[in-house]
Amino acid sequence: VVLEGSAVEARVSCSNKPLQSAWITVHQGETAEQIEYAASDNAHRTWLPASDRLLAKNVVHELRYELQVVDVDGLSLETPIRGALRVQPDKLPTSMAKVVHKLVLPAAVPVVGYQVDDDFGISRVMLAVEVERGSEKASVSGESSGQSGSAADLTAKKPPPDIEVHRFVIISGEKVLANRELPLRSTYPLSLAPLKLTKGDRLKLSVEAMDYRGEDESGQPRGQLATSEPVVLEVADEAAVLAAIAEADKRSEQQLSEIIERQLSSGGEPQ
């Protein structure tokens with residue numbers, strides 16, 4: 001059994017005598033391919049596929065094979081060695097992101113909570129930040145223009161937002177997170193100062209997680225990418241941010257009071 005999308009290496013070894021040649025016939029679906037082997041040692045007892053040393057790349061369907069060899073005496077196997085590789089499906093990774101406050105100052109460092117998971121392993125995690133600039137400037141420009149017209153006309157004349165995309169590395173891929181280390185729950189402090197934000201700008205945050213499905217020809221991890229539901233932050237001034245924090249604290253205090261009241265009432269009437 002092999003993991004979906006894996007590459008397969010098949011080594012042929014003969015312990016009692018050298019081999020003259022070896023080849024394998026691979027069947028996938030209705031297609032068949034014969035792959036020649038080449039000796040990898042001077043004794044001609046260990047052989048590997050001659051081309052790229054791989055029996056198959058990116059296996060996604062069941063693979064059947066037949067192996068045949070010829071030794072130095074010209075003798076071959078009476079019956080080829082036959083077998084099959086079955087594929088174990090690899091589910092897509094999952095990711096999520098969350099923040100406490102949705103209003104931030106231009107140079108704030110909001111803490112982004114995230115969670116990533118996969119059935120086999122995670123190779124890379126990134127935080128994608130889309131910056132939409134000029135929303136406040138566009139509204140001010142529209143109000144001061146003095147042009148008459150319907151709301152539909154004003155909407156049609158509104159210029160498209162200026163979008164920038166920045167990506168921040170959370171997990172670089174140098175070490176794969178194995179299944180036993182997942183799900184991973186952690187936080188990432190996002191410094192907004194380098195983005196040079198102003199009041200009225202908008203941020204859309206998404207966590208991108210790539211699972212591990214082997215390596216490509218350059219030795220880099222490859223896999224499928226999952227993107228979380230975006231979290232939207234609004235850039236505001238200090239007064240608006242403080243008001244939002246106060247409102248959140250008020251709601252938290254009210255929720256705490258309700259919890260205490262429920263606990264007291266569940267204990268019955270005092271004696």
Side-chain angles (χ1 to χ4, degrees), residues 91-140 155 158-179 181-213 220-252 255:
K91 297 179 181 178
L92 291 174
T94 59
S95 62
M96 63 168 290
K98 64 179 181 179
V99 294
V100 176
H101 300 293
K102 300 296 180 70
L103 290 183
V104 294
L105 294 173
V109 185
V111 177
V112 183
Y114 67 90
Q115 175 178 310
V116 295
D117 197 7
D118 187 62
D119 49 350
F120 289 102
I122 293 289
S123 64
R124 188 168 71 241
V125 179
M126 307 281 287
L127 178 64
V129 180
E130 292 186 13
V131 181
E132 180 181 327
R133 301 187 186 274
S135 56
E136 184 183 66
K137 296 176 183 177
S139 62
V140 171
T155 303
K158 183 179 179 180
D162 183 13
I163 303 293
E164 302 172 10
V165 180
H166 304 266
R167 281 182 169 80
F168 300 87
V169 178
I170 299 177
I171 296 175
S172 64
E174 295 180 359
K175 180 183 177 182
V176 177
L177 289 176
N179 175 264
E181 302 174 87
L182 300 172
L184 173 65
R185 301 180 183 91
S186 189
T187 57
Y188 181 82
L190 176 61
S191 177
L192 301 182
L195 301 180
K196 301 186 183 305
L197 302 171
T198 59
K199 178 183 175 182
D201 291 344
R202 175 179 295 179
L203 305 176
K204 186 183 293 185
L205 314 180
S206 302
V207 173
E208 300 175 341
M210 178 176 287
D211 64 1
Y212 180 73
R213 304 194 180 198
Q220 296 298 314
R222 57 181 176 80
Q224 295 291 323
L225 188 69
T227 303
S228 69
E229 289 293 326
V231 175
V232 177
L233 301 182
E234 302 283 349
V235 180
D237 56 21
E238 185 174 352
V241 171
L242 291 176
I245 294 175
E247 180 64 23
D249 291 341
K250 183 178 180 181
R251 288 197 300 268
S252 298
Q255 291 172 355

Give, for atom [atom1] of [X] and atom [atom2] of [Y], the distance between the pair rounded to the nearest 0.5 Å.
X	Y	atom1	atom2	answer
L205	S228	CG	OG	8.5 Å
L197	E132	CG	CD	12.0 Å
L105	E238	CG	CD	6.5 Å
D117	T94	CG	OG1	4.5 Å
Q115	M96	CD	CE	6.0 Å
M126	H166	CE	NE2	12.5 Å

Between [Y] and [X], is there a salt bridge with N-O shorter than 4.0 Å?
X	Y	result
R133	E164	yes
D237	K199	yes
R124	E208	no

Find out whether [X] and [Y] are in side-chain contact, i.e. whether some heavy atom of one side chain is under 4.5 Å from a heavy atom of the other.
X	Y	value
L233	L103	no
L192	P110	yes
L184	L177	yes
N179	F120	no
V104	V241	no
L203	V232	no
R185	P183	yes

Ignoring hydrogens and angles, tell me if any N or O in the side chain of S95 forms a donor-acceptor pair with the backbone of A209 under 3.5 Å.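 Not at all, since once roles are kept as given, no pair shorter than 3.5 Å links the two residues.
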Check whether any side-chain N or O of D211 sits under 3.5 Å from a backbone N or O of Q224 as a donor-acceptor pair, and report yes or no.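 Such a contact is found between D211 side chain and Q224 backbone.
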Pick out which of V109, V111, V99, V129 makes a side-chain contact (heavy atoms from CB on, under 4.5 Å) with L190.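 So, applying the side-chain contact (heavy atoms from CB on, under 4.5 Å) to L190 and each of V109, V111, V99, V129, only V129 qualifies.
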